[in-house]
Amino acid sequence: MAPDDDPFLTRVEAAALMHLSPRTLANLASSNPPQGPAYMKTAALRGKTLYRRSAVVAYLEANGGGAGRRASDKASQPAKPRRRKAGAR
């Protein structure tokens, strides 16, 4: 694959592709041992975290298609009843 065919994604772009929040993706990267797709920190871009699109796609394929729950997944499940706090009317 030519370098032009495999662009770099920012954390926000990679998180959107994975249906996750950028913070969740950052938490995966900083866990011990690191989880999530391979990434690199760039000194030239003030330490910005970049992900190769191919690494994100490979991670999704290896982990069942999506790391996050989509809105359609949530809609198909029944709503949980809310618990009242003690002393609430």
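Values in this document were obtained by computation on a predicted structure and should not be read as measured data.
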Counting only pairs under 3.5 Å, give me each side-chain donor-acceptor contact of residues 37-46, with atom names and distances, residues two or more places apart or in other chains.
from, atom 1, to, atom 2, distance (Å)
Lys41, NZ, Thr49, OG1, 3.2
Thr42, OG1, Lys48, O, 3.1

So OH of Tyr51 and CD of Glu13: to nearest 0.5 Å the spacing works out to 12.0 Å
Residues in side-chain contact (heavy atoms from CB on, under 4.5 Å) contact with Ala26, at least two apart in sequence or another chain: Arg11, Arg23
Go through the structure and list residues passing side-chain contact (heavy atoms from CB on, under 4.5 Å) with Ala15, not counting sequence neighbours. Pro22, Leu25
Residues two or more places apart in sequence or in another chain: which of them pass side-chain contact (heavy atoms from CB on, under 4.5 Å) with Thr24? Leu20, Ser21
Arg53 to Phe8 six-membered ring, cation-pi geometry met (6.0 Å, 45°): no
Contact between Arg52 and Leu9 at the side-chain level, heavy atoms closer than 4.5 Å - yes or no? no
Can you name the nearest heavy-atom pair linking Ala29 to Pro34, along with the distance? O-CB, 3.6 Å
Write down the atom of Leu60, the atom of Leu17, and the distance for their closest heavy-atom approach. CD1-O, 4.0 Å
